[in-house]
Amino acid sequence: MRTHDHHHDHDHDHGHHAHDHEHDHGHDHGRSPWARLWHEVTHLFTPHSHEAADKVDSAMETSREGMRTLWLSLVALGVTTVIQAAVVALSGSVALLGDTIHNAADALTALPLGIAFVLGRRAANRRYTYGYGRAEDLAGIAIVVTIAASSALAAWTAIDRLLNPREITHLWAVAAAAVVGFIGNEWVARHRIRTGRRIGSAALVADGLHARTDGFTSLAVLLGAGGAAVGWRYADPIVGLLITLAILAVLRDAAREVYRRLMDSVDPALVDKAEHALRAVDGVRDLGQVRMRWIGHALRAEADIVVDPHLTVVQAHELAVAAEHALIHSVPRLTAATVHTDHTGSPAQHAVLAHHGAAA
(Lines give C-alpha, C1' and ligand atoms only; values in the text may rest on other atoms or scores of the structure.)
Protein backbone atom coordinates (compact mmCIF):
# COMPACT_ATOMS: atom_id res chain seq x y z
CA MET A 1 0.00 0.00 0.00
CA ARG A 2 1.38 3.42 -0.89
CA THR A 3 2.08 5.58 2.12
CA HIS A 4 3.10 8.87 0.60
CA ASP A 5 1.02 11.99 0.08
CA HIS A 6 -0.91 11.85 3.35
CA HIS A 7 -1.78 15.22 4.86
CA HIS A 8 -2.50 15.51 8.56
CA ASP A 9 -3.72 18.89 9.69
CA HIS A 10 -3.15 19.45 13.36
CA ASP A 11 -5.97 21.94 13.53
CA HIS A 12 -8.68 20.35 11.39
CA ASP A 13 -8.66 16.57 11.86
CA HIS A 14 -12.35 15.77 12.32
CA GLY A 15 -11.94 11.99 12.29
CA HIS A 16 -10.93 9.48 14.90
CA HIS A 17 -7.78 11.34 15.96
CA ALA A 18 -7.81 14.65 17.74
CA HIS A 19 -4.41 16.31 17.73
CA ASP A 20 -5.05 19.80 18.98
CA HIS A 21 -3.72 20.55 22.41
CA GLU A 22 -2.79 23.52 24.51
CA HIS A 23 -0.13 23.76 27.18
CA ASP A 24 -1.83 26.19 29.55
CA HIS A 25 -4.09 24.09 31.74
CA GLY A 26 -6.55 25.17 34.35
CA HIS A 27 -7.59 28.25 32.40
CA ASP A 28 -11.22 28.12 33.52
CA HIS A 29 -10.33 29.89 36.76
CA GLY A 30 -10.95 33.61 36.59
CA ARG A 31 -12.47 33.44 33.11
CA SER A 32 -15.12 36.04 32.36
CA PRO A 33 -18.78 34.95 31.89
CA TRP A 34 -18.54 35.94 28.21
CA ALA A 35 -15.50 33.67 27.76
CA ARG A 36 -17.27 30.78 29.54
CA LEU A 37 -20.24 31.22 27.22
CA TRP A 38 -17.89 31.17 24.21
CA HIS A 39 -16.30 27.99 25.55
CA GLU A 40 -19.69 26.25 25.73
CA VAL A 41 -20.69 27.42 22.26
CA THR A 42 -17.46 26.12 20.72
CA HIS A 43 -17.98 22.80 22.48
CA LEU A 44 -21.45 22.46 21.01
CA PHE A 45 -20.72 23.46 17.43
CA THR A 46 -17.06 22.65 16.81
CA PRO A 47 -16.29 19.01 15.92
CA HIS A 48 -12.90 19.07 17.66
CA SER A 49 -11.54 17.63 20.84
CA HIS A 50 -11.43 19.27 24.27
CA GLU A 51 -7.92 20.35 23.38
CA ALA A 52 -9.22 22.23 20.33
CA ALA A 53 -11.63 24.18 22.51
CA ASP A 54 -8.71 24.92 24.83
CA LYS A 55 -6.83 26.37 21.86
CA VAL A 56 -9.75 28.71 21.07
CA ASP A 57 -9.71 29.87 24.69
CA SER A 58 -5.95 30.40 24.53
CA ALA A 59 -6.26 32.50 21.38
CA MET A 60 -8.96 34.56 23.08
CA GLU A 61 -6.77 34.99 26.16
CA THR A 62 -3.94 36.42 24.06
CA SER A 63 -6.43 38.81 22.48
CA ARG A 64 -7.70 39.84 25.90
CA GLU A 65 -4.14 40.37 27.08
CA GLY A 66 -3.48 42.53 24.03
CA MET A 67 -6.65 44.52 24.68
CA ARG A 68 -5.71 45.13 28.31
CA THR A 69 -2.34 46.45 27.19
CA LEU A 70 -3.96 48.74 24.63
CA TRP A 71 -6.41 50.19 27.15
CA LEU A 72 -3.65 50.85 29.67
CA SER A 73 -1.54 52.46 26.93
CA LEU A 74 -4.44 54.63 25.80
CA VAL A 75 -5.05 55.91 29.34
CA ALA A 76 -1.36 56.53 30.11
CA LEU A 77 -0.62 58.33 26.84
CA GLY A 78 -3.93 60.18 26.97
CA VAL A 79 -3.06 61.66 30.37
CA THR A 80 0.46 62.48 29.14
CA THR A 81 -0.88 64.20 26.02
CA VAL A 82 -3.37 66.32 27.97
CA ILE A 83 -0.65 67.51 30.37
CA GLN A 84 1.73 68.35 27.52
CA ALA A 85 -0.97 70.08 25.47
CA ALA A 86 -1.75 72.37 28.41
CA VAL A 87 1.92 73.32 28.69
CA VAL A 88 2.14 73.90 24.91
CA ALA A 89 -0.75 76.35 25.13
CA LEU A 90 0.97 78.06 28.05
CA SER A 91 4.51 78.23 26.67
CA GLY A 92 4.28 78.15 22.87
CA SER A 93 7.08 75.55 22.61
CA VAL A 94 7.12 74.03 19.13
CA ALA A 95 9.42 71.20 20.25
CA LEU A 96 6.93 70.24 22.94
CA LEU A 97 4.10 70.63 20.42
CA GLY A 98 5.80 68.10 18.13
CA ASP A 99 6.22 65.71 21.04
CA THR A 100 2.58 66.19 22.06
CA ILE A 101 1.34 65.51 18.53
CA HIS A 102 3.35 62.33 18.39
CA ASN A 103 2.12 61.16 21.78
CA ALA A 104 -1.47 61.79 20.73
CA ALA A 105 -0.90 59.80 17.53
CA ASP A 106 0.68 57.00 19.54
CA ALA A 107 -2.34 56.88 21.83
CA LEU A 108 -4.69 56.72 18.84
CA THR A 109 -2.88 53.71 17.38
CA ALA A 110 -4.59 51.72 20.12
CA LEU A 111 -7.83 52.02 18.13
CA PRO A 112 -6.89 50.04 14.98
CA LEU A 113 -5.05 47.49 17.11
CA GLY A 114 -8.07 47.12 19.37
CA ILE A 115 -10.33 46.57 16.37
CA ALA A 116 -7.85 43.99 15.04
CA PHE A 117 -7.82 42.05 18.31
CA VAL A 118 -11.62 42.00 18.39
CA LEU A 119 -11.80 40.83 14.76
CA GLY A 120 -9.17 38.19 15.48
CA ARG A 121 -11.56 36.50 17.89
CA ARG A 122 -14.00 35.68 15.10
CA ALA A 123 -14.10 32.06 14.05
CA ALA A 124 -12.87 30.95 10.64
CA ASN A 125 -15.51 30.44 7.97
CA ARG A 126 -15.74 29.29 4.36
CA ARG A 127 -14.64 32.68 3.04
CA TYR A 128 -11.93 33.41 5.62
CA THR A 129 -10.73 29.86 6.13
CA TYR A 130 -7.72 30.90 8.23
CA GLY A 131 -9.77 33.24 10.41
CA TYR A 132 -9.31 36.97 10.89
CA GLY A 133 -5.85 37.12 12.45
CA ARG A 134 -4.50 39.09 9.48
CA ALA A 135 -6.46 42.09 10.77
CA GLU A 136 -3.43 42.75 12.99
CA ASP A 137 -1.28 43.23 9.89
CA LEU A 138 -3.78 45.74 8.51
CA ALA A 139 -3.65 47.52 11.88
CA GLY A 140 0.14 47.60 11.50
CA ILE A 141 -0.29 49.46 8.22
CA ALA A 142 -2.58 51.95 9.94
CA ILE A 143 0.05 52.48 12.64
CA VAL A 144 2.76 53.14 10.05
CA VAL A 145 0.53 55.67 8.28
CA THR A 146 -0.22 57.38 11.61
CA ILE A 147 3.49 57.65 12.44
CA ALA A 148 4.18 59.09 8.98
CA ALA A 149 1.41 61.70 9.34
CA SER A 150 2.63 62.77 12.79
CA SER A 151 6.20 63.16 11.50
CA ALA A 152 4.99 65.35 8.65
CA LEU A 153 2.98 67.56 11.02
CA ALA A 154 5.89 67.89 13.47
CA ALA A 155 8.28 68.79 10.63
CA TRP A 156 5.93 71.42 9.18
CA THR A 157 5.46 73.05 12.60
CA ALA A 158 9.21 73.15 13.32
CA ILE A 159 10.06 74.62 9.90
CA ASP A 160 7.38 77.27 10.31
CA ARG A 161 8.84 78.24 13.68
CA LEU A 162 12.34 78.48 12.18
CA LEU A 163 11.00 80.93 9.59
CA ASN A 164 8.90 82.79 12.15
CA PRO A 165 10.74 82.70 15.51
CA ARG A 166 8.78 83.15 18.72
CA GLU A 167 9.79 83.52 22.33
CA ILE A 168 9.23 80.54 24.64
CA THR A 169 7.78 81.17 28.10
CA HIS A 170 7.31 79.07 31.24
CA LEU A 171 10.44 77.05 30.54
CA TRP A 172 10.16 75.20 33.84
CA ALA A 173 6.76 73.87 32.77
CA VAL A 174 8.18 72.81 29.38
CA ALA A 175 10.98 70.89 31.13
CA ALA A 176 8.53 69.21 33.51
CA ALA A 177 6.23 68.24 30.61
CA ALA A 178 9.21 66.72 28.79
CA VAL A 179 9.98 64.52 31.80
CA VAL A 180 6.30 63.52 32.06
CA GLY A 181 6.37 62.58 28.37
CA PHE A 182 9.44 60.40 28.84
CA ILE A 183 8.05 58.56 31.86
CA GLY A 184 4.66 57.95 30.22
CA ASN A 185 6.12 56.71 26.95
CA GLU A 186 8.75 54.47 28.51
CA TRP A 187 6.16 52.79 30.72
CA VAL A 188 3.88 52.21 27.73
CA ALA A 189 6.79 50.98 25.59
CA ARG A 190 7.89 48.39 28.13
CA HIS A 191 4.32 47.15 28.57
CA ARG A 192 3.57 46.93 24.84
CA ILE A 193 6.84 45.26 23.86
CA ARG A 194 6.66 42.74 26.71
CA THR A 195 3.05 41.80 25.91
CA GLY A 196 3.61 41.83 22.14
CA ARG A 197 6.53 39.42 22.38
CA ARG A 198 4.66 37.18 24.79
CA ILE A 199 1.60 36.84 22.54
CA GLY A 200 3.53 37.07 19.24
CA SER A 201 1.97 40.31 17.96
CA ALA A 202 4.33 42.14 15.58
CA ALA A 203 2.00 45.14 15.43
CA LEU A 204 2.03 45.53 19.23
CA VAL A 205 5.83 45.24 19.36
CA ALA A 206 6.13 47.85 16.60
CA ASP A 207 3.81 50.11 18.56
CA GLY A 208 5.96 49.61 21.67
CA LEU A 209 9.13 50.56 19.80
CA HIS A 210 7.27 53.62 18.57
CA ALA A 211 6.44 54.61 22.15
CA ARG A 212 10.05 54.07 23.28
CA THR A 213 11.32 56.50 20.64
CA ASP A 214 8.67 58.97 21.75
CA GLY A 215 10.11 58.80 25.26
CA PHE A 216 13.57 59.82 24.12
CA THR A 217 12.17 62.55 21.89
CA SER A 218 10.41 63.88 24.96
CA LEU A 219 13.78 64.21 26.67
CA ALA A 220 15.04 66.09 23.62
CA VAL A 221 12.53 68.81 24.46
CA LEU A 222 14.70 69.57 27.47
CA LEU A 223 17.47 70.63 25.09
CA GLY A 224 15.13 73.10 23.45
CA ALA A 225 14.12 74.49 26.82
CA GLY A 226 17.77 74.76 27.87
CA GLY A 227 18.70 76.59 24.66
CA ALA A 228 15.80 79.00 25.09
CA ALA A 229 16.89 79.60 28.70
CA VAL A 230 20.30 80.86 27.54
CA GLY A 231 18.74 83.03 24.85
CA TRP A 232 19.16 80.87 21.72
CA ARG A 233 15.85 81.45 19.98
CA TYR A 234 16.39 78.73 17.35
CA ALA A 235 16.99 75.95 19.89
CA ASP A 236 13.32 75.04 20.20
CA PRO A 237 12.51 74.62 16.46
CA ILE A 238 15.83 72.84 15.81
CA VAL A 239 14.99 70.33 18.53
CA GLY A 240 11.59 70.01 16.87
CA LEU A 241 13.32 69.00 13.64
CA LEU A 242 15.51 66.51 15.51
CA ILE A 243 12.37 64.99 16.98
CA THR A 244 11.02 64.66 13.44
CA LEU A 245 14.16 62.75 12.41
CA ALA A 246 13.69 60.42 15.39
CA ILE A 247 10.09 59.83 14.33
CA LEU A 248 11.28 58.97 10.82
CA ALA A 249 13.73 56.44 12.28
CA VAL A 250 10.99 54.61 14.19
CA LEU A 251 8.81 54.86 11.08
CA ARG A 252 11.45 52.91 9.17
CA ASP A 253 11.67 50.22 11.84
CA ALA A 254 7.90 49.88 12.17
CA ALA A 255 7.41 49.75 8.39
CA ARG A 256 10.06 47.04 8.09
CA GLU A 257 8.42 44.97 10.84
CA VAL A 258 4.97 45.24 9.26
CA TYR A 259 6.34 44.57 5.75
CA ARG A 260 8.03 41.38 6.92
CA ARG A 261 4.84 40.16 8.54
CA LEU A 262 2.81 40.90 5.40
CA MET A 263 5.39 38.97 3.36
CA ASP A 264 5.07 35.92 5.67
CA SER A 265 8.56 36.41 7.07
CA VAL A 266 9.52 34.40 10.15
CA ASP A 267 12.64 34.27 12.28
CA PRO A 268 14.94 31.65 10.66
CA ALA A 269 15.68 30.39 14.18
CA LEU A 270 12.06 29.18 14.41
CA VAL A 271 12.49 27.16 11.22
CA ASP A 272 15.72 25.68 12.59
CA LYS A 273 13.92 24.73 15.79
CA ALA A 274 11.09 23.12 13.84
CA GLU A 275 13.49 21.12 11.66
CA HIS A 276 15.43 19.95 14.72
CA ALA A 277 12.18 18.81 16.39
CA LEU A 278 11.08 16.89 13.29
CA ARG A 279 14.43 15.15 12.82
CA ALA A 280 14.30 14.02 16.45
CA VAL A 281 11.04 12.10 15.83
CA ASP A 282 11.70 8.38 15.63
CA GLY A 283 10.86 7.16 12.12
CA VAL A 284 11.48 10.42 10.28
CA ARG A 285 14.22 9.63 7.74
CA ASP A 286 14.53 13.01 6.06
CA LEU A 287 12.83 16.36 5.63
CA GLY A 288 11.50 18.23 2.65
CA GLN A 289 10.21 21.76 2.95
CA VAL A 290 9.32 23.28 6.30
CA ARG A 291 7.21 26.42 5.93
CA MET A 292 5.82 28.73 8.59
CA ARG A 293 3.74 31.86 8.60
CA TRP A 294 2.19 34.20 11.13
CA ILE A 295 -1.56 34.76 11.08
CA GLY A 296 -2.09 37.56 13.56
CA HIS A 297 -0.16 36.50 16.63
CA ALA A 298 -0.37 32.75 15.95
CA LEU A 299 1.99 30.60 13.90
CA ARG A 300 1.02 27.90 11.40
CA ALA A 301 3.43 25.37 9.93
CA GLU A 302 3.55 22.97 7.00
CA ALA A 303 6.20 20.27 6.79
CA ASP A 304 7.19 17.39 4.49
CA ILE A 305 8.71 14.34 6.14
CA VAL A 306 10.19 11.22 4.52
CA VAL A 307 9.25 7.86 6.07
CA ASP A 308 9.85 4.14 5.49
CA PRO A 309 8.05 3.03 2.29
CA HIS A 310 6.86 -0.17 4.00
CA LEU A 311 4.72 1.61 6.58
CA THR A 312 0.98 1.10 6.42
CA VAL A 313 -1.35 4.07 6.09
CA VAL A 314 -2.15 3.84 9.81
CA GLN A 315 1.52 3.76 10.76
CA ALA A 316 2.32 6.71 8.49
CA HIS A 317 -0.58 8.60 10.04
CA GLU A 318 0.67 7.90 13.56
CA LEU A 319 4.13 9.10 12.58
CA ALA A 320 2.66 12.29 11.15
CA VAL A 321 0.76 12.84 14.41
CA ALA A 322 3.99 12.39 16.38
CA ALA A 323 5.70 14.93 14.11
CA GLU A 324 2.84 17.38 14.63
CA HIS A 325 3.07 17.03 18.40
CA ALA A 326 6.82 17.56 18.29
CA LEU A 327 6.34 20.80 16.35
CA ILE A 328 3.65 22.10 18.69
CA HIS A 329 5.74 21.36 21.76
CA SER A 330 8.96 22.82 20.36
CA VAL A 331 7.96 26.03 18.57
CA PRO A 332 6.53 28.91 20.65
CA ARG A 333 3.18 30.32 19.49
CA LEU A 334 2.69 27.51 16.95
CA THR A 335 -1.02 26.67 17.05
CA ALA A 336 -1.48 24.47 13.98
CA ALA A 337 0.67 22.18 11.83
CA THR A 338 0.10 20.20 8.67
CA VAL A 339 2.49 17.30 8.07
CA HIS A 340 2.80 15.59 4.68
CA THR A 341 4.38 12.14 4.62
CA ASP A 342 6.30 10.74 1.66
CA HIS A 343 8.24 7.49 1.28
CA THR A 344 11.90 7.11 0.43
CA GLY A 345 12.57 6.75 -3.26
CA SER A 346 9.27 8.25 -4.48
CA PRO A 347 9.31 10.72 -7.39
CA ALA A 348 8.39 13.49 -4.97
CA GLN A 349 11.35 12.58 -2.76
CA HIS A 350 13.72 12.60 -5.72
CA ALA A 351 12.42 16.07 -6.57
CA VAL A 352 13.00 17.26 -3.01
CA LEU A 353 16.56 15.90 -2.95
CA ALA A 354 17.28 17.37 -6.36
CA HIS A 355 15.96 20.74 -5.18
CA HIS A 356 18.18 20.68 -2.08
CA GLY A 357 21.16 19.61 -4.15
CA ALA A 358 20.61 22.53 -6.51
CA ALA A 359 20.22 24.91 -3.57
CA ALA A 360 23.46 23.69 -2.07
Side-chain angles (χ1 to χ4, degrees), residues 69-71 73-89 92-117 119 134-164 177-178 180-182 184-186 188-189 192-193 196 201-221 224 236-262:
T69 297
L70 291 176
W71 279 116
S73 300
L74 182 60
V75 171
L77 290 178
V79 171
T80 300
T81 300
V82 169
I83 293 173
Q84 289 187 316
V87 176
V88 167
S93 170
V94 72
L96 185 59
L97 175 61
D99 193 41
T100 303
I101 291 171
H102 202 40
N103 285 333
D106 199 13
L108 291 177
T109 58
L111 298 179
L113 267 178
I115 294 172
F117 282 132
L119 280 176
R134 287 285 191 181
E136 283 188 40
D137 300 328
L138 296 179
I141 296 175
I143 290 170
V144 168
V145 171
T146 301
I147 298 173
S150 65
S151 65
L153 181 57
W156 179 84
T157 307
I159 292 172
D160 177 70
R161 188 57 58 85
L162 275 174
L163 299 176
N164 303 287
V180 168
F182 171 76
N185 276 290
E186 181 59 22
V188 167
R192 284 178 175 175
I193 292 171
S201 173
L204 194 55
V205 171
D207 219 17
L209 294 172
H210 178 198
R212 172 153 289 165
T213 302
D214 285 354
F216 288 109
T217 57
S218 293
L219 288 182
V221 175
D236 187 65
I238 287 176
V239 168
L241 287 175
L242 293 176
I243 288 175
T244 300
L245 293 177
I247 297 172
L248 290 176
V250 78
L251 173 63
R252 178 200 60 196
D253 293 340
R256 181 173 54 197
E257 186 77 17
V258 172
Y259 166 79
R260 287 177 176 174
R261 186 58 63 92
L262 288 172

Original post:
Which atom pair, heavy atoms only, marks the closest approach of A155 to L241?
Top reply: O-CD2, 4.2 Å

**OP:** Could you tell me which non-hydrogen atom of R261 sits nearest to which non-hydrogen atom of R134, and how far apart they are?
**Re:** O-NH1, 3.3 Å

Original post:
Taking C-beta and beyond as the side chain, do I141 and L262 meet within less than 4.5 Å on heavy atoms?
Top reply: yes

Original post:
Going from OG1 on T146 to CG on L111, what distance comes out if it is rounded to the nearest 0.5 angstrom?
Top reply: 9.0 Å

Original post:
CG/L74 to CG/L70 distance, rounded to the nearest 0.5 angstrom?
Top reply: 8.5 Å

Original post:
When you measure from the side chain of Q84 to the backbone N and O of A177, does any donor-acceptor pair fall under 3.5 Å?
Top reply: yes

Original post:
Got a second to check how far I101's CD1 is from L96's CG, nearest 0.5 Å?
Top reply: 10.0 Å

Original post:
Which heavy atom in A139 sits nearest to a heavy atom in P112, and how many Å separate them?
Top reply: CB-O, 3.6 Å

Original post:
What distance do D137 atom CG and E257 atom CD have between them, rounded to the nearest 0.5 Å?
Top reply: 10.5 Å

**OP:** Enter the distance from T81:OG1 to N103:CG here, rounded to the nearest 0.5 Å.
**Re:** 5.0 Å

Original post:
With a 4.5 Å heavy-atom cut-off, do I143 and V258 have their side chains touching?
Top reply: no

Subject >> Validation row: I83, V79 side chains within 4.5 angstrom (heavy atoms) >> reply: yes

Subject >> Between CD on residue E136 and CG on residue L119, distance to nearest 0.5 Å >> reply: 10.0 Å

